[in-house]
Amino acid sequence: MSNEENQEVRVSDGLAKMHEAANLLTEEEIKQKAEEAKQAVEDAKRARNHQ
């Protein structure tokens, strides 16, 4: 398995972590983390399209 495959993030893993974190974060922090995650997905899509 390549290093890239080892670093792959699965949606279900991310959702589980978000659920756990929701109990520890304020509403504003949750919104900020969601925006950061959205930006990371958009960046990954752009990087994939430029390969």
Side-chain angles (χ1 to χ4, degrees):
M1 191 178 290
S2 72
N3 189 32
E4 186 175 307
E5 290 171 331
N6 288 335
Q7 294 178 358
E8 182 179 321
V9 176
R10 290 175 175 49
V11 172
S12 59
D13 295 341
L15 291 174
K17 290 188 183 294
M18 287 295 290
H19 181 71
E20 291 173 18
N23 294 322
L24 304 173
L25 300 174
T26 66
E27 187 68 28
E28 186 61 32
E29 289 170 318
I30 292 170
K31 288 179 183 178
Q32 182 178 350
K33 295 295 182 188
E35 186 59 37
E36 290 171 6
K38 180 180 174 183
Q39 186 63 49
V41 168
E42 291 173 1
D43 292 346
K45 284 181 180 178
R46 272 191 228 104
R48 176 187 262 175
N49 289 334
H50 286 46
Q51 287 182 351

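Remember, it's a predicted structure, so these values are computed and weren't measured experimentally. Only this structure's heavy atoms are used, side chains among them; waters, hydrogens and symmetry mates stay out.
A pairwise comparison of heavy atoms in Glu29 and Thr26 identifies OE1-N, 2.8 Å as the closest pair.
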Exercise for review: Check step by step if side-chain contact (heavy atoms from CB on, under 4.5 Å) holds for Leu15 and His19.
Suggested key: CA-CA 6 Å; Leu15 291 174; His19 181 71; over 6 Å; no

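Separation of atoms CG (Asp43) and CZ (Arg46) is listed at 5.0 Å; rounding is to 0.5 Å.
With no hydrogens or angles considered, no side-chain donor-acceptor pair links Gln32 and Glu28 at under 3.5 Å.
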